[in-house]
Amino acid sequence: MRAAVCFPHFQLPKCQFHTLSGSWREKIHNISTKRSTIYNLQGGNGNTNSRRWTRKSLSTNTEGIGKNILSRQNNNIGQQITDVTTFTHTNLNTSRVEINEFKSIHLEEKISENKDESKLVTVIVFDIETTGFSRENERIIEIALQDLSGGVESTFESLVNPDKFVPNEHIHGISNYMVKQPGVPRMKDLIPILIDYVKSRQKPGGKLLLIAHNGKSFDVPFLINEFSRYSCEIPSDWEFADSMSLAREIMKVQGSKLSSKSLQALKEYYGIQITGKAHRAMADVNVLALVLQRMTCDLKLTVPGLLENYAFRASELSNNSKKKKSSR
DNA sequence: GGCCCTCTTTAGGGCCTT
């Protein structure tokens with residue numbers, strides 16, 4: 001049984017305006033001055049204990065992308081304002097005054113609740129590149145994250161030394177030479193840095209929502225395996241969502257116009273033009289960030305709605321996996 | 001491997017991720 005996307009109609013336009021588009025607007029505001037955080041190990045001769053972590057901030061030329069987002073965003077906000085107006089008029093024209101007064105109060109409360117909740121949610125889009133599909137036998141060789149709130153150091157990316165041969169350079173362009181460079185960390189060194197980075201983006205008392213495309217089947221289980229390989233666990237307050245679930249909803253809502261739920265198909269469907277090699281982690285993250293914006297707008301989906309209807313925790317996947325293994 | 005769909009649920013096949 002699929003979890004239905006259920007949003008009371010009266011919540012949709014205003015909540016979206018106050019939550020998601022607010023987030024995107026902030027991103028747009030900051031994107032032209034976006035700085036990336038790239039981690040590297042410095043110094044030492046192969047002994048990680050003698051080396052130290054440094055953070056390099058890089059200015060990113062995203063002016064064109066920013067303009068692109070801004071243009072689309074203005075259209076979306078305009079549509080949302082129209083929707084709100086339509087809703088309001090519809091209700092004012094009914095004769096059941098008492099019910100409308102109740103709805104009005106309820107609506108304001110809901111908007112306020114959603115606005116407050118959204119402000120406390122850090123939405124991070126992420127992607128990994130690996131040496132292959134098997135989480136048991138393959139390894140992560142690149143990871144990238146982007147906090148959709150924007151701001152300084154809103155992105156994080158790093159190559160990862162997998163300590164094994166990289167057989168699929170033709171897919172992502174990441175070679176053995178690249179991951180074997182002295183400054184490229186191994187996963188066991190990167191995990192605490194990654195946890196610290198995500199924590200640094202979390203608002204006081206706020207929630208974390210990490211989103212990846214096909215994340216439920218691929219990225220999150222892969223991360224779980226990599227963490228457990230070094231006796232670490234995904235922090236229990238990390239919540240995840242799989243953007244492919246939204247793509248399925250888009251396919252159902254909008255019929256055959258979206259022919260596939262792949263990231264590439266979504267990119268083409270929304271006419272997103274970003275230069276950069278596909279299947280590099282940050283390039284895919286940039287695409288997903290924009291695709292996610294469009295999908296949530298199309299589905300009139302708020303951040304609280306994302307959390308309520310699509311979020312899952314790593315422990316749920318771990319438990320499911322254990323149950324299935326034990327039942328075999 | 002997980003999810004979804006269907007010619008289904010006591011199953012099988014296709015899609016998506018690198």
- Expressed in whole Å, how much space separates the C1' atoms belonging to B/dC4 and B/dT8? 12 Å
- Without swapping roles, check the side chain of A/Ser217 against the backbone of A/Asn214 for a donor-acceptor pair under 3.5 Å. no
- Message: It should be established whether A/Lys216 places a side-chain nitrogen or oxygen under 4.0 Å from OP1 or OP2 of nucleotide B/dC3.
- Response: yes
- Task: For B/dT17 versus B/dA11, give the span between their C1' atoms, rounded off to a whole number of Å.
- Result: 24 Å
- What orientation do A/Phe218 and A/Phe133 show, parallel under 30°, tilted 30 to 60°, or perpendicular over 60°? perpendicular
- Query: For every nucleotide of nucleotides 13-18 of chain B, 5' to 3': is a protein heavy atom under 4.0 Å from its base (B), only from its sugar-phosphate (S), or from neither (-)?
  - Reply: --SBBB
- Within the distance-only criterion (no hydrogens, no angle test), does the side chain of A/Thr296 pair as donor or acceptor with the backbone N or O of A/Leu301 below 3.5 angstrom? no
- Euclidean distance for C1', B/dC16 against B/dT10 (whole angstrom): 28 Å
- Item | Distance between P atoms of B/dG13 and B/dC7 (Å, rounded) | 15 Å
- Message: Is it the case that over 12 heavy atoms from other parts of the model lie below 6.0 angstrom from the CD atom of A/Glu169?
- Response: yes
- Can you check whether A/Asn286 reaches A/Gln146 side chain to side chain, under 4.5 Å on heavy atoms? yes
- Message: Membership question, hydrophobic clusters at under 4.5 Å side-chain separation (ILVMFWY): are A/Ile171 and A/Val287 in the same one?
- Response: no
